[in-house]
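A short worksheet on the structure shown next.
Side chains included, hydrogens not; waters and symmetry mates left out as well; all remaining heavy atoms used. Chain A is the first sequence line, chain B the second, and so forth, proteins listed ahead of strands; every chain is numbered from 1.
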Amino acid sequence: MAESIPATPELAHDEHGHHEQSFASKYLFSTDHKMIAKQYLFTGIAMALIGGFFAYAFRMQLAFPGMDIPFFGVVSPGEYNSLITNHGTIMIFWVAMPIILAAFGNLVIPLMIGCDDMVFPKINRLSYQIFLLSALVLISSFFVEGGGFGGSWVAYPPLSSEPQYNLTPLGSSLWIGAVGLEFVAFLLGGINFITTTMNSRAPGMKMNDIPIVVWMIVIASVLFMASVGPLLAGAIMLLFDQNLGTAFYDPTRGGDPVLWQHLFWFFGHPEVYVVFLPPLGMVADIITTFARKKLFAYRTVLYTVFGTGVLSFTVWAHHQFISGIDPRMANIFTVTTLLISIPIAELMFVYIATLYGGRISLTTPMLWALSFIAEFLIGGVTGIFLGASGADVYFHDTYFVLAHFHYTFFPIAIIGFYMGVTYWFPKMFGKMMSDFWGKVHFWGTIIPFNMIFIPLFVLGTAGQHRRIYDYSHFPELMTPGMQDMRVFATMSLLVMLAFQLVFLINFVNGMIRGPKAEKNPWKANSLEWTTESPPPHGNWPPSEMPTVYRGPYEYSVPGREKDYWPQNEPT
Amino acid sequence: MSDRPIATTRSAAGMPTGKLAVWWVVVSEIVIFGGLLASYIMHRLAHSDWGEQAAHTNTWIGAFNTLVLLSSSLSAVLAHKAASEGNGPKAAKLLWLTILGAVTFVTVKGFEWAHEIELGYTITSSTFWSFYYTAAGLHAAHVIAGAIIMGIVAVAAAKNRELHRVELIGIYWHFVDLVWIFLFPLLYIAK
Amino acid sequence: MIESLVPAGSSYAGEIDLLVNMILWIVGFWFVLCEVVFFWLIFRFRKKEGVPGQYISGEEKSQKRWITIPHVLVLVCDIFILVGAIWVWYDIKQDLPPAQAEVRIISQQWAWTFVHEGADGEMGTADDITTINELTVQVDTLYHYKLESLDVIHDFSVPVWRLKQDAIPGRLITGWFEPTLTGSFDIQCAELCGVGHALMGGTVHVKNAADYASWVAENSTMSLASAATPHAGGE
Amino acid sequence: MSEQSQAISETGDGHGEGHVETNYVKIWAWLVGLLAVSVAGPFLEIFWLTMVTAFGIACVKAWMVAKHFMHITLEPRFVGYIVMTSLVFMLLFFAAVAPDVMNAEGTQWVKPSWLGQPE
């Protein structure tokens, strides 16, 4: 893990007795929340490259069935299944969660609430180490005999629990083991996030003075902790079914496969809010900074997010309308699903209203934040088709569903990642990234992204179902127009993947040769911009720990010459 | 104490950081055992034939194990009381007593399982037994983990250091006892 | 929206298409409105020299109106969608109109097995016609299907009929459809069921009364003959 | 084993400072008594009575441990709320999943092997 070498020498601190650290203790076994944030970030980026490569491989197979794909070779049906399974698993559990929740959570929480580190530094390090172990276990599952697990990321038994059905005996056990380990890692991380935010706020920081991104990350951690339990129990039961021959999910011996679906989706839906809320918080902080404007109705944002969090535990079976649950239950879950779309709609209205009366400067982070809102609107809007049980009868498991959740997951994972990195890069690495190349990369990613998934909406409406390796067996799906759309989507993916190189170069170049970043490059209010870039160990000298006097969004306050008002500036 | 960050010393939520964290651990454990027991109860209510399967569990051993855990909860709370009075060595002695209770619990369960497996009731003989071994096994794993951490806390408490941790491990221990209070009737009484 | 890409081939296909169009209009309106207002605000309030930002807390009643009004309107629209969705759902999945014919669908790892009623119109008799991956039905006849799976979860889906139902091993799920369009259409397996998931395509032949009767007559005599000879496989 | 702890608590029965003085051993004795009742319950062969003694007493014992040993009532209020919320979520999970896992049949579906019908 080649880490960056922060330009500014570490400031010696009397209180922490800052002895000269060896490479290992500073980078590999560091307990500093900022270093652990970077570790999560780089592991997340590495896994994103793997996940992206899988997407390249199976999209090429879909566009040119049976072709010898460069860098991969011919994709066999079993390989196709494990490619899509692990693309989904990696992108959610090993890219979105570490980067959005853990990397930015670790970086942002202590800095924004004005304390020197997470409350339990060693547990914080342990959570990263368990996460790294889970990533290695998952990667090893690709190379075992029989290949990686191929039963889709939802792993419905009996396909996932019976080796004679999924033909990946070792792969499936390693897969569920890796997912279980990843849950343990994020349980430990979650406890750290929640306890730090609840207990270690800077003196004077009232509930309404906490930046929205910190609120969102903590609520996301609470949602994760309260929802992962049943699936952890379910994962243990699945592991026993796979290896010990128990029959929790085997219908012929008294078990019930639908039990796993409920256990999975009881976790599954709060999970999508776990990864959705932190980027939503970042959007709030970034658009207020670059619109120089106070967040519209701070309390409304909080109440809608609390409402969404609680409701997210009541909607899970809309994933299972036609997969065997009792049809009467579907009506209840249609009601709750349409109910939960309302707070999210209100949140979007609040963010759009925040732009009214602003001085919007379109820097790269602002472009990413605004594109998050624009793209997520499409994702949210197409979700109503799927939440309405009557319409879901047709749309379930088609590419319409796939396009819908990519219009929600892409803004969460990829746009959220780029928004956070471009905004906090000066603070993390003490350097500035090039804004020009940032914009080139932005347009180079957003336009192709839409070119990939709008055709997939059309294909899904035409009845094309997911996870099918080759559509030549379905005459209705092999009309020339549809195959062209698949090729067009794959070509757009190639263009988008190419533009990611622009980012990687800009990212690494910024780290090594970027111009020195000042304390507060964006002239923002929150506390992380009141310490050096990159912040020393302990963020502020122990004697100068910040005290807070006002909220984080006091921009363009009438009667002040500067249009921003840092939180720790005494009135 | 110097390497502990300033963050840990603050308590904006009105309670010490350690206790706040332990309560969140308890909440996350509630949903884990809750998910497992909910699945078990559903299957149990669905399959009336599990009654005679459950008849082969030995209620007396279960009752004794409950008594052992209840007593270990008592010594854990007495250890907390001693620690809050600043008496480290006494707290440590009581903690070791609790660990003794834990060891007794696990060994008794070991013999019980060995006996049942001998009689042919293995984890795969029926879904009741699968749930029986999974739930009791997960609980036993938590008992062992709790005992190990309690050992570490007891060693420190004996030297009058980190006395607040005695209460923290106590809360976790009472939770493990609570899970067993529900597991006992579910697995042993409902016949 | 769907009927432009996939013909409506069953009695309730029209209902689903109507519901989807209703949702499209409601949701499309709000989507376009939000995007237009969004991009207009970005353009209107872009950074101009000498023009300071405004300080709007959004807590006063007058400012909050801008949020609560669309909020309530969205709530009202959701109620329309809700009623439509439950209405269509009840018709398809909860209501079971009396059957004029029956068919058994057995899914297994990577093939569909269909059991049609033979000439005697009774299921479970010797003259039942069992076919692999080829379902033949009569147009404008209300069929009950009994769906089951022998191994993993499969999903019987006929896009033209807007029909989709998972087959859960260990369960026998009943549903209904009434084809209204003659012709041959695709059957797809809509739930990942292992390596051969893509091979599980099938076709459904919807014939008018005459062709169907001749098909049944021809095939049920064959299955009767094969049932008579002792070594024949069959049920 | 339990006698030994009783001896210790007899001697060191100092006054707990702060929260109300609860005689932990008395609470423990109640718990053991309730345990005995719940074990004796099945011998009366009355099904619903066994259910009451088994699970009713389990809930009472759980509350006693939570209140007297874990001092949950003395913690800030949100501790009780988050524990209660997680229990409510488990109830919600049970309520929504039971119709599928517990029933042998429902609207338009049936589990043949449960009803003894042929596949």
- Message: Using side-chain contact (heavy atoms from CB on, under 4.5 Å), reason through A:Phe474 and C:Ile187 one step at a time and then give a plain yes or no.
- Response: CA-CA 8 Å; A:Phe474 306 104; C:Ile187 298 170; over 6 Å; no
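- Contact record, C:Lys164 with A:Thr398: NZ-CG2, 3.5 Å, taken as the closest heavy-atom pair.
- Ranked by heavy-atom pairs under 4.5 Å with chain A, the list C:Ile168, C:Val88, C:Asp151 is led by C:Asp151.
- When the shell of 6.0 Å around CH2 of C:Trp66 is examined, it contains 12 or fewer heavy atoms from other residues, nucleotides or ligands.
- Pairing each heavy atom of A:Pro327 with each of C:Gln94, the nearest pair is CB-CG, 3.7 Å.
- Atom CG of C:Leu5 is separated from atom CD of A:Glu476 by 11.5 Å, given to the nearest 0.5 angstrom.
- Heavy atoms of C:Cys34 lying under 4.5 Å from chain A belong to its backbone as well as its side chain.
- Between chain C and the residues A:Ala391, A:Ala353, A:Gly390, the largest count of heavy-atom pairs under 4.5 Å involves A:Gly390.
- Residue C:Glu15: no heavy atom, backbone or side chain, is found under 4.5 Å from chain A.
- One finds the OG1 atom of A:Thr85 at 6.0 Å from the CG atom of C:Leu192 (value rounded to the nearest 0.5 Å).
- A salt bridge is absent between A:Asp326 and C:Lys93: the closest approach of a Lys/Arg side-chain nitrogen to an acidic carboxylate oxygen does not fall below 4.0 angstrom.
- The distance from atom CD1 of A:Ile322 to atom OG of C:Ser157, rounded to the nearest 0.5 Å, is 7.5 Å.
- With a threshold of 4.5 angstrom between heavy atoms, C:Asp186 approaches chain A through its backbone and through its side chain.
- For a residue to count as touching a neighbouring chain, one of its non-hydrogen atoms must lie under 4.5 Å from one of that chain's; by this rule C:Trp87 does not touch chain A.
- In this structure, chain A has heavy atoms under 4.5 Å from both the backbone and the side chain of C:Leu24.
- Side-chain contact between A:Val381 and C:Trp30: absent, with no pair of heavy atoms (C-beta onward) separated by less than 4.5 Å.
- Expressed to the nearest 0.5 Å, how far CD1 of C:Ile16 lies from CG of A:Asp392 amounts to 10.0 Å.
- Between chain C and the residues A:His465, A:Glu162, A:Glu554, A:Gln320, the largest count of heavy-atom pairs under 4.5 Å involves A:His465.
- With hydrogens and angles disregarded, a donor-acceptor distance shorter than 3.5 Å links the side chain of A:Asn81 to the backbone of C:Gly194.
- Interface remark: C:Ser4 contributes no atoms to any contact with chain A (heavy atom separation under 4.5 Å).
- Contacts of C:Glu191 with chain A are made by both backbone and side-chain atoms, with heavy-atom separations under 4.5 Å.
- Panel note: side chain A:Arg359, backbone C:Val51; a donor-acceptor pair is recorded below 3.5 Å.
- Heavy-atom minimum distance, C:Ile153 versus A:Tyr156: CD1-CB, 4.1 Å.
- Within residues 39-48 of chain C, the residues having any heavy atom less than 4.5 Å from a heavy atom of chain A are, in residue-number order, C:Phe39, C:Leu41, C:Ile42, C:Phe45, C:Arg46, C:Lys47, C:Lys48.
- For the 3.5 Å distance criterion, the side chains of C:Gln54 and A:Tyr356 fail to qualify, holding no donor opposite an acceptor.
- For C:Leu19, the part sitting under 4.5 Å from any heavy atom of chain A is the side chain, from C-beta outward, and nothing else.
- In this structure, the portions of C:Leu82 lying under 4.5 Å from any heavy atom of chain A include both its backbone and its side chain.
- For C:Gln109, the part sitting under 4.5 Å from any heavy atom of chain A is the side chain, from C-beta outward, and nothing else.
- Of the options A:Tyr394, A:Phe333, A:Phe321, a ring-ring contact (aromatic ring centres under 6.0 Å, His included) to C:Trp89 is made by A:Phe321 and by none of the others.
- Using a 4.5 Å cut-off between heavy atoms, C:Val20 contacts chain A through both its backbone and its side chain.
- Heavy-atom pairs under 4.5 Å with chain A peak, among C:Thr68, C:Ile81, C:Ile56, C:Val6, at C:Ile56.
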